[in-house]
> 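Please find one structure pasted underneath; my questions will follow.
Just so we're clear, the structure is a prediction, and the values are computed from it rather than from any experiment. All ligand and atom numbering here is 1-based and tracks the order in the structure.
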Amino acid sequence: MEGMMPPFHFLFFSKPSVYIDQNSSVKTFFSRNGILILGFIFILSLIALIAVGLAQNKKLPDNFKYGIVFDAGSSHTSMYIYKWSAEKMNDTGLVYETASCEVKGPGISSYASNLQDIPVYLSKCMGKAKDLIPKYKHQDTPLYLGATAGMRLLRMENEELAKMILSAVTSLFNSYPFNFQGARIISGFEEGAYGWITINYLLGKLEKHNWKNQFLRENETQDTYGALDLGGASTQITFVTSTQISKQFKKTTQFRLYGKNYTVYTYSYLCHGVDQALLRKLALNAKDASPGALMEPCFHPGYERTVLTSSLFSSVCTKIYKNWISSRNLTIQGTGNFQKCKESITELFQNNYCNASYCTFDMIYRPPTEGHFGAFSAYYYAMDFLNLTSDKVSSLDMVTHKMEEFCSTPWSVVNTAFPQVKEKYLSEYCFSGTYVLTLLQKYNLTEYWTQVEFMDKINNKTEAGWTLGYMLNLTNMIPAELPQSKPFSHPTYISLMVIFSLLLAIVFILGSVMFQKSSYFWK
Ligand SMILES: O=c1[nH]cnc2c1ncn2[C@@H]1O[C@H](COP(=O)(O)OP(=O)(O)O)[C@@H](O)[C@H]1O
Ligand SMILES: [Ca+2]
């Protein structure tokens, strides 16, 4: 049996029963110490290997954070609750909308004369936020309210009243356990810029990971989308421009996001929101109306609506049209003519004077548009209802044809076909659809019809709008530089794994050989 290897299990389980002589016991002593040292290295390497593996692939605990933003628009107020993983807060696209709430009632600016009703107005949605967000997170949850063009118009009319509305909101929100960060009127510039951040963040245009989960460099990221927001009282256009723009126009802003610079052009047109545009159009035409009646091509044939003429001139946007007409009832009668509707809408845009190289309308300079656009809010509501989104209808001729057909459909037919749609919205889709087309044409975007994507919820979850961008900015969640996503870079991780695996293999082999040799001395 001399010279033969002991069976495998012997290497590990057999114990020497007798020491043969002095010489062999010294050798055994050294070989046993060697084994101990190797065993020690083996255990250390094993611990290091496990530690590296765990650090790299650690399953992050479900530690979520929340944020609440109220969008106090001109026509209505909505609340959005955003949620994200606390550990990954600087990664893009990880903040999403977990719930939303429509505040019942009109826009907040109409509460100027009944401030005492503001708590009732907002408390239902606040109650929903309290129920949805775990109690122990309330104090860490930032809460914001941003008001847009409805409040901008009220401020122009009566600054004191606008302040009183915001104070009423502030005292109400201070009574809740959330981390209230303020209620304010955001500027049109912010509204445009935050809308642009929201859609590009959600579409993953600001930074990209590759398959190894590394952030891609500047030239490897995708082109951003321009943002088109259409509200009730104002509308915004925002896009990255490569045109050198003179500082005098003050229409651009610089962003540094995830290590990349963006020069963003943005402009907000007050009074060009869809509700104010309709009011301006009606006010403009009211003076030519035959006594008591106004023929209106943007409403369906057979549709009638009676208004008090004073209501047409009460807005800051229509005051300039106010003339000798004393207040009286005016019956608006639909004639359903798309072409005439479009012509009358075109009158709302001024094209007469431009003090720059190029203006879209209303003397506002704008550089040439570039790339794709995401159009949301009232752009989406109108085009989605009319089944005219750019992915459904490929050419502008088809859109025009469908609009002609829709506008000329008698109101009785439309009303019967859509009993579930709010009458205000349904009766105005001919106008709002035509307005969307005219506005896009004024922006020179109808030539690139398929490059305009009408969008509502991005990734089926998060509504496109300024609110998410606002919160991301105020919570510093979009870093200027690229964040490190893992404790080790991928090459370091691979190198460490290889080194420790090799070390383990060497130790194991050496250990086995030494153990085998020492067992000869024991025999
Ligand atoms: O479901 C809908 N169908 C059609 N239009 C809608 C719907 N929901 C909201 N809108 C319209 O979208 C616009 C939203 O404007 P918002 O209230 O945000 O004003 P603002 O951004 O100018 O302050 C309003 O004109 C409103 O009537
Ligand atoms: Ca809005």
> More than 12 heavy atoms of other residues, nucleotides or ligands under 6.0 Å from CG of N460: is that the case?
no
> Could K83 and Y66 be counted as a cation-pi pair, given that NZ or CZ must be under 6.0 Å from the ring centre and within 45° of the axis?
no
> Taking NZ in K422 as the centre, count heavy atoms belonging to other residues, nucleotides or ligands within less than 6.0 Å. Is the count above 12?
no
> Have T360 and Y269 got a donor and an acceptor in their side chains that come within less than 3.5 Å?
yes
> Show every disulfide (SG to SG under 2.5 Å) that has at least one partner inside residues 393-453, sequence neighbours left out.
C407-C430
> Could you verify whether a donor N or O on one side chain and an acceptor N or O on the other, from E296 and Q333, lie under 3.5 Å apart?
no
> Residue by residue, ordered by chain and number, which ones reach under 4.0 Å of ligand 1 with a heavy atom?
G73, S74, S75, H76, T148, A149, E191, G231, G232, A233, S234, V274, D275, A378, Y381, Y425, Y429
